[in-house]
Amino acid sequence: MGTRQATTERRTGTRVPAYLSGREVVIPPGGCTGWHYHLVPLMAAVTSGTLTRILSDGTVEVHPTGATFVEPEGHDHVHLGRNLGPAPVVLHVTCALADDDPWALPAPAPLGATPCGCPDHTP
């Protein structure tokens, strides 16, 4: 996925992307995203599997197929996504990013959190 649709919102003094970006993210069984954060809020829908998110404060959120959630922006919102189930997790993610902005930025595990330990990351 990588469709972009123009937006009309403009705010004085801020950088506002002209497009919404969409992406499909697939996390295989046993896989994870690695610890990361986002520059802008992301809206996600779980279309297959069950995603387990570990937030920077240690909170664990479980999102089954059909669930939606928003990931807030900023380095104080570091989190990790894991697939603990037997089937791939498929997410459809939408956000307002400029063409040259990354979808996610890697981050170290928060103090007291376990490093992800996954052999491959799926950002």
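For the single chain, residues carry numbers from 1 onward in sequence order.
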Decide side-chain contact (heavy atoms from CB on, under 4.5 Å) for Leu80 and Arg53; before the verdict, give the C-alpha distance in whole Å, the side-chain angles of both, and the deciding distance to 0.1 Å.
CA-CA 6 Å; Leu80 171 75; Arg53 291 171 58 231; over 6 Å; no
Let me see the working for Trp103 and Val93 under side-chain contact (heavy atoms from CB on, under 4.5 Å), right down to the final yes or no.
CA-CA 10 Å; Trp103 277 82; Val93 182; 3.7 Å; yes
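Between Leu39 and Glu73 there is no side-chain heavy-atom pair separated by less than 4.5 Å. Looking at Leu97 and Val40, their side chains come closer than 4.5 Å, going by heavy atoms from C-beta outward. Contact of the Val62 side chain with the Leu51 side chain is not registered, since no non-hydrogen atoms from C-beta on lie closer than 4.5 Å. Residues Tyr37 and Pro106 fail the side-chain proximity criterion, which asks for heavy atoms closer than 4.5 Å.
Remark: Asp57 CG to His77 NE2 distance equals 10.0 Å, nearest 0.5 Å. Atom NE2 of residue His92 and atom OG of residue Ser48 lie 9.0 Å apart, to the nearest 0.5 angstrom. One distance of note links CG of Asn83 with CG of Leu91; it measures 9.5 Å at 0.5 Å rounding. Atom SG of Cys95 and atom CG of Leu20 lie 8.0 Å apart (nearest 0.5 Å). The line from CG of Leu84 to OG1 of Thr50 is 9.0 Å long, rounded to the nearest 0.5 Å. Rounding to the nearest 0.5 angstrom, the gap separating the OG atom in Ser56 from the CH2 atom in Trp35 is 7.5 Å.
Between Pro86 and Pro29, the shortest heavy-atom contact is O-CG, 3.3 Å.
Note: His63 and Phe69 meet the aromatic proximity criterion, with ring centroids under 6.0 Å apart.
Proximity of a side-chain donor or acceptor of Thr47 to a complementary backbone N or O of Val90 within less than 3.5 Å is detected.
His36 meets the ring-ring contact (aromatic ring centres under 6.0 Å, His included) test with His38, His79; sequence neighbours excluded.
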